[in-house]
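Worksheet for the structure shown next.
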Amino acid sequence: MTAAQLVPASEARADIPSPEITELIDLNDVMTAAALPTSGLITVEVNTDGTVSFALPRTEVGQGITTSTAMLIAEELGIPLSRVHITLAEARPELLFNQLTGGSNTTFSTYTPIRVAAAVARNRLLQAAAAEWGTAVTELSWEAGLVTGPGGRSADMGDLSPKAARARTEEVSISLKPRDMFTVVGKPHNRVDAPAAVTGRKTFTLDLKVPDALPTMVCRPPTVNGKVGSVSNLSEVRSMPGVTDVVVISTGVAVRATTFGRCIDAVRALRVSWKPGSAEGKSDASVLAELRAAELPMGLPSVTPHVEERFTFHFRSNSALEPNCAIADVRPDRAEIWSSLKAPIVAKQAIATKLGLPLGAVTVHVTEGGGSFGRKLFFDAALEAVEVSRRIRKPVKLMWHRADDARQGRTHPMATSRVRISYLGDTVLGYRQRHTSVSTDLSHGLGEIFTALAARLPVGDIGFSETFFQLSQSMPYDFGANSRLLNETDKGFNTGSMRNVYSPDVTCARELLVDRLAGKMGKDPYLFRHDFLRDDRGRAVLDKAAEAGNWGRSMPAGTAQGIAFHSEYHSASAVLVELDCRPETVDRPIRDGVAGPRVTKAVIAVDVGLAVNPRGLEAQMTGCLMDGIALALTSSLHLRDGHFLEASWDNYFYTRQWNTPPELRVIVLPPSTGKPGGAGELGVAASMAAVACAYGRATGTMPTVFPINHATLSFEPKPTVPPIPASPTDGLDHVR
């Protein structure tokens, strides 16, 4: 087993003269700097059977990082990908900020440390062979994990592994494989976990067989964060078939039973008197009024021509396809937890504090997750499972119902964004944006990173959210003096950092105003962007999207193209879409849903520097597009009387088949830098903005409220009492 401490040669990017903070340092740089001090604790283990094991200190939630990580190790060791086995590391507090999955940072920050650890392992194996054969390392060669030396001697790396093991720390010098010799990195590879996923052999939290951990669910309040007042039929529910335990906890009434079906029956049978919640009586309209009252001033009115608009973005759900879940086994002197956690160190610390146990007495196992949207940065289910297990003194396998996640789970905050662009003739003089949002919860670890590195951040003494905002937003256009400010209000909601966080809203508002400004100047939207983009990489992806998408082609009335650009974390993206807004498309019947416009074609062009796995990147961008379509057209929660009306994915309208483009192309531009940029969230903002711009061009009216179909409630809201809707029985009635 080998590990390596990286010593940076110099402070990166500090010499770039620019008023843009993100050209000096951005969120990805900050997260990478925070992870660097403990990168020496990342280890690569060579096994005696000739395989390599690596416990990845990040969480796989479907984004494909286990594959790209295996590729990095296989590349540096020169071995087949099949010989590399990736698992997920348990919570390791000694890693400090090096075990947080988010911000498109995994490959960006681990690219060099993982390669270094693999290179150190290779060198140790060569040294072991040299010592055994009495020869110099320079006389040995390495090929596919086989070491050969003078006299025809050879040994597999698995045979050399015990001899290379060394339990001491020393400083070594290693050389990484040059990029022009790469044979694995940069080539498209299928996901290493794909066969297990499609055959059902992949193991998620609820698949684990922890002894005596029985299904557990929670009866939750009818309004956001309500509290239990009293329960009138506890004994009656405890006697229901299959029910083993019923107990009041901080978030509701927990039920443990032999099956989840029994849990649902018991939860629906509970009669609870509830105390008011933190959003009591609030609605979309009242929160919007709060946001408008909290908007920061735009400054004096422009004395030159300008375009200006205010945009509204409604609440959106962070619910992933995999239900929020965790397993907990709490004993008087220890606790063991299993869950898909993107911030497992913070979770471990919070659980230890909650239980009053030493940190070392709490073990947190990180499992693979079925999606995230940022949801798994939080560990609400783990905290609940721990609380229930401690109260009843039994292991529990806790699962949220989908209605729980929609109504009580994490939401992307409702926000407004006001934008003003001033111009004179063909010159843009200035850009101002004032983004106002319901408060975003950053208690998952990013806030602590900002605090730890505060003295090194060029943002002054500002709060966590404003720091996040400033380090994640940039101005890609040469728009003169520009400023972007965030103000947050109302902490009464359970919010989270949904994929791309502030960027979809901020970029969508900006790109729509760019379209309007291009029209005022009498310029083509694509050419206007091209002329004002600040760098060649940005122009290259924009040009590629426009060329591949045949920008400017003649289209029928009621349909249109839209194009948008977004850059972040040393990467750039451009998206072109074609949107059909004709009545026969918009008004086509959809059962309990809104059909709305349909994206019929999409082209995504991306430059991420060096793409470790282009095929994985294509999949990421496809997912980004689906997120963007949803955010633009259909995906939102409706707040009424202190609760959200949606109760499952059947009435929370993420992108469905009827909105999905039958024609989609993802273009990964050739490597433009020597290392990867951020890619996990890159395409969301540009996709949302492109759809919004296409809608404005197709209808002649620029949209200002998102999603565009939010005003139409297409379903009959399910009751909030009981909190879990009855299981559907009409499935066969809708088979065609």
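What you are looking at is a predicted structure, and each value in this text was computed from that prediction instead of being measured.
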Centroid-centroid under 6.0 Å between Phe532 and Phe479 rings: yes
Could you check whether Phe315 and Phe493 have their ring centres less than 6.0 Å apart? yes
Are any of the side-chain nitrogens in Asp627 or Arg499 under 4.0 Å away from the carboxylate oxygens of its partner? yes
Between Asp515 and Lys523, is there a salt bridge with N-O shorter than 4.0 Å? no
Do you know the tightest heavy-atom contact between His638 and Asp284? CA-OD2, 3.9 Å
Less than 4.0 angstrom from a charged side-chain N to a carboxylate O is my criterion; do Glu23 and Arg534 meet it? yes
Asp536 and Arg539 ion-paired at < 4.0 Å: yes
Spacing of Lys601 atom NZ and Arg553 atom CZ [to the nearest 0.5 Å]: 6.0 Å
More than 12 foreign heavy atoms under 6.0 Å from CZ of Arg582: is that the case here? yes
Counting only heavy atoms from other residues, nucleotides and ligands, does the tally under 6.0 Å from CZ of Arg640 exceed 12? no
Using a strict threshold of under 4.0 Å (side-chain N to carboxylate O), is an ion pair present between Glu309 and Arg418? no
Answer yes or no: is there an ion pair linking Arg375 with Asp405, defined by an N-O contact shorter than 4.0 Å? yes
Residue Lys544 excluded, over 12 heavy atoms near NZ under 6.0 Å: no
Side-chain touch His570/Val608, heavy atoms, less than 4.5 angstrom: no
Given side-chain contact (heavy atoms from CB on, under 4.5 Å), test Thr634 with Val594 step by step and report yes or no. CA-CA 8 Å; Thr634 57; Val594 178; 5.6 Å; no
Identify the two heavy atoms, one from Met521 and one from Phe528, that lie closest to each other, and give their separation to 0.1 Å. SD-CE1, 3.5 Å
